[in-house]
J.: 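Encoded as structure tokens, here's the structure I'll be asking about.
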Amino acid sequence: MTHRGEGQVKPWVTRADLLTALRLPLAAAFPFVHQPEWQLALVGAAAASDFFDGMLARRFGGSRAGAVLDPTADKVFMAAAFLTVARTGLLHPLEIVGVVARDIVAALGYVGAWLWRRPTALPARAGGKAVTVLQLLTLVAFIARSPLVRPLAWATAAVGLYAIWDYGRAAARARATQTRGKGT
């Protein structure tokens, strides 16, 4: 299969979306799994799903559902996983908020854009990908009861703040370009 041509309508659902959707039951299961090896398996499956759904979407094209489902599945998995971490008391609640701050701001931004009917599609950016990797590493450190869990949480929060700034700047630029394109 080849890439879709410019101007073609995206399908509603693709193979990548089915892989993405697997993160939702993984998220639902995570709080109920207490054995470290099974928690690691869930984190590994979620990470693999995220990696391979992106690869499939780039190779065969994305979908309208995938544009919403992928970031939603990511945020739902991270929320379930870090609520589980929060219940243990291993990290301070502010550290948990710091680790998921980028996700919270992204979700609020999406809801705000939807409410004001001003959608702005932003491709994934390096800062956002780095936050996801650091979140996964923080989860692995938590599961392994590594002394690195707290430094990783702080590193994730710091990169998350950068990602929030970077996405905000990109959204402002995209919005200015859209406004100039409309002549207003």
Side-chain angles (χ1 to χ4, degrees), residues 1-33 36-85 96 99-114 119-144 152 155-156 159-160 162-164 166-168 170-171 174:
M1 229 178 211
T2 59
H3 290 280
R4 272 179 199 45
E6 202 59 39
Q8 272 189 307
V9 176
K10 289 183 179 186
W12 270 102
V13 177
T14 65
R15 286 175 264 186
D17 300 335
L18 299 176
L19 191 54
T20 299
L22 288 177
R23 285 197 296 285
L24 298 173
L26 294 174
F30 196 90
F32 303 102
V33 173
E37 59 276 0
W38 286 107
Q39 288 177 325
L40 285 172
L42 291 176
V43 171
S49 162
D50 194 23
F51 177 79
F52 288 112
D53 72 356
M55 201 165 66
L56 282 171
R58 283 187 294 281
R59 173 85 169 104
F60 299 111
S63 71
R64 291 180 275 180
V68 174
L69 181 60
D70 184 62
T72 301
D74 292 344
K75 282 151 191 54
V76 168
F77 183 81
M78 290 303 172
F82 282 104
L83 284 172
T84 303
V85 172
I96 299 289
V99 169
V100 294
R102 184 269 324 239
D103 296 327
I104 293 167
V105 170
L108 292 173
Y110 178 81
V111 169
W114 180 77
T120 301
L122 294 174
R125 302 181 61 81
K129 289 186 178 289
V131 171
T132 300
V133 169
L134 285 167
Q135 286 174 328
L136 291 168
L137 289 173
T138 303
L139 281 173
V140 169
F142 160 75
I143 293 165
L152 280 167
T156 305
V159 175
Y162 165 76
I164 291 166
D166 185 46
Y167 274 105

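All values below were derived from every heavy atom in this structure, side-chain atoms included, with hydrogens, water molecules and symmetry-related copies excluded.
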J.: To the nearest 0.5 angstrom, please state how far the OG1 atom of Thr20 sits from the CG atom of Asp50.
T.: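 Thr20 atom OG1 to Asp50 atom CG measures 7.5 Å (nearest 0.5 Å).
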
J.: Taking all non-hydrogen atoms of both residues into account, name the closest pair between Leu134 and Ala155 and its distance.
T.: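 The answer is CD1-O, 4.0 Å.
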
J.: Do any pairs count as a salt bridge (charged side-chain N to carboxylate O under 4.0 Å, His left out) and have a residue in residues 129-144, sequence neighbours left out, and if so which ones?
T.: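 Listed by first then second residue: nothing to list.
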
J.: Can you sort out the partners of Thr132 under side chain to side chain donor-acceptor pair (under 3.5 Å), two or more places apart, ordered by chain and number?
T.: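 Partners of Thr132 by the side chain to side chain donor-acceptor pair (under 3.5 Å) criterion, ordered by chain and then number, come out as Arg102.
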
J.: Shortest non-hydrogen contact from Ala57 to Ala16?
T.: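 So the two residues come closest at N-CB, 3.9 Å.
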
J.: To check you understand the geometry: which heavy-atom pair defines the closest contact between Asp166 and Arg125, and what is its length?
T.: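 Closest approach of Asp166 to Arg125, heavy atoms only: OD2-NE, 2.8 Å.
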
J.: Using side-chain heavy atoms (C-beta onward) and a distance below 4.5 Å, is Leu137 in contact with Thr156?
T.: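 A side-chain contact under 4.5 Å is absent here.
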
J.: To the nearest 0.5 Å, how far apart are CG in Leu22 and CG in Asp53?
T.: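 Here the interatomic distance stands at 9.5 Å.
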
J.: Applying ring-ring contact (aromatic ring centres under 6.0 Å, His included), can you list everything that pairs with Phe51, at least two apart in sequence or on another chain?
T.: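 Phe51 satisfies ring-ring contact (aromatic ring centres under 6.0 Å, His included) with no other residue.
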
J.: Which value, rounded to the nearest 0.5 Å, describes the distance between Phe82 atom CZ and Leu139 atom CG?
T.: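 Spacing of CZ (Phe82) from CG (Leu139) equals 3.5 Å.
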
J.: Less than 3.5 Å apart, which donor and acceptor atoms pair up between the side chains of residues 73-80 and the rest of the protein, not counting sequence neighbours?
T.:
{"residue": "Asp74", "atom": "OD1", "partner": "Arg23", "partner atom": "NE", "Å": "3.0"}
{"residue": "Asp74", "atom": "OD1", "partner": "Arg23", "partner atom": "NH2", "Å": "2.9"}

J.: Under the side chain to side chain contact (heavy atoms under 4.5 Å, CB included) rule, collect the residues that match up with Tyr110, sequence neighbours excluded.
T.: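 In terms of side chain to side chain contact (heavy atoms under 4.5 Å, CB included), with neighbours along the sequence ignored, Tyr110 is linked to Val68.
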
J.: Quick check for you: to the nearest 0.5 Å, what is the distance between Leu56 atom CG and Leu19 atom CG?
T.: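 The CG atom of Leu56 sits 6.5 Å away from the CG atom of Leu19.
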
J.: Output all residues satisfying side chain to side chain contact (heavy atoms under 4.5 Å, CB included) with Ala141, sequence neighbours left out; order by chain, then residue number.
T.: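 Ser146, Val149, Leu152.
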
J.: Applying side chain to side chain contact (heavy atoms under 4.5 Å, CB included), name anything that partners Leu40, two or more places apart in sequence or on another chain.
T.: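 So Leu40 forms a side chain to side chain contact (heavy atoms under 4.5 Å, CB included) with Val140, Ile143.
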
J.: If you look at every heavy atom in Gly66 and Asp17, which pair is closest and at what distance?
T.: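 Looks like CA-OD1, 3.0 Å.
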
J.: Would you indicate whether the side-chain heavy atoms of Val43 and Phe30 approach each other to under 4.5 Å?
T.: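 SC-SC contact between Phe30 and Val43 confirmed.
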
J.: Donor-acceptor pair, Gln39 side chain versus Val33 backbone, under 3.5 Å?
T.: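 It does hold such a pair.
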
J.: Side chain of Ser49, backbone of Ala45: donor and acceptor closer than 3.5 Å?
T.: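 Flag not set: sc Ser49 to bb Ala45 has no pair under 3.5 Å.
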
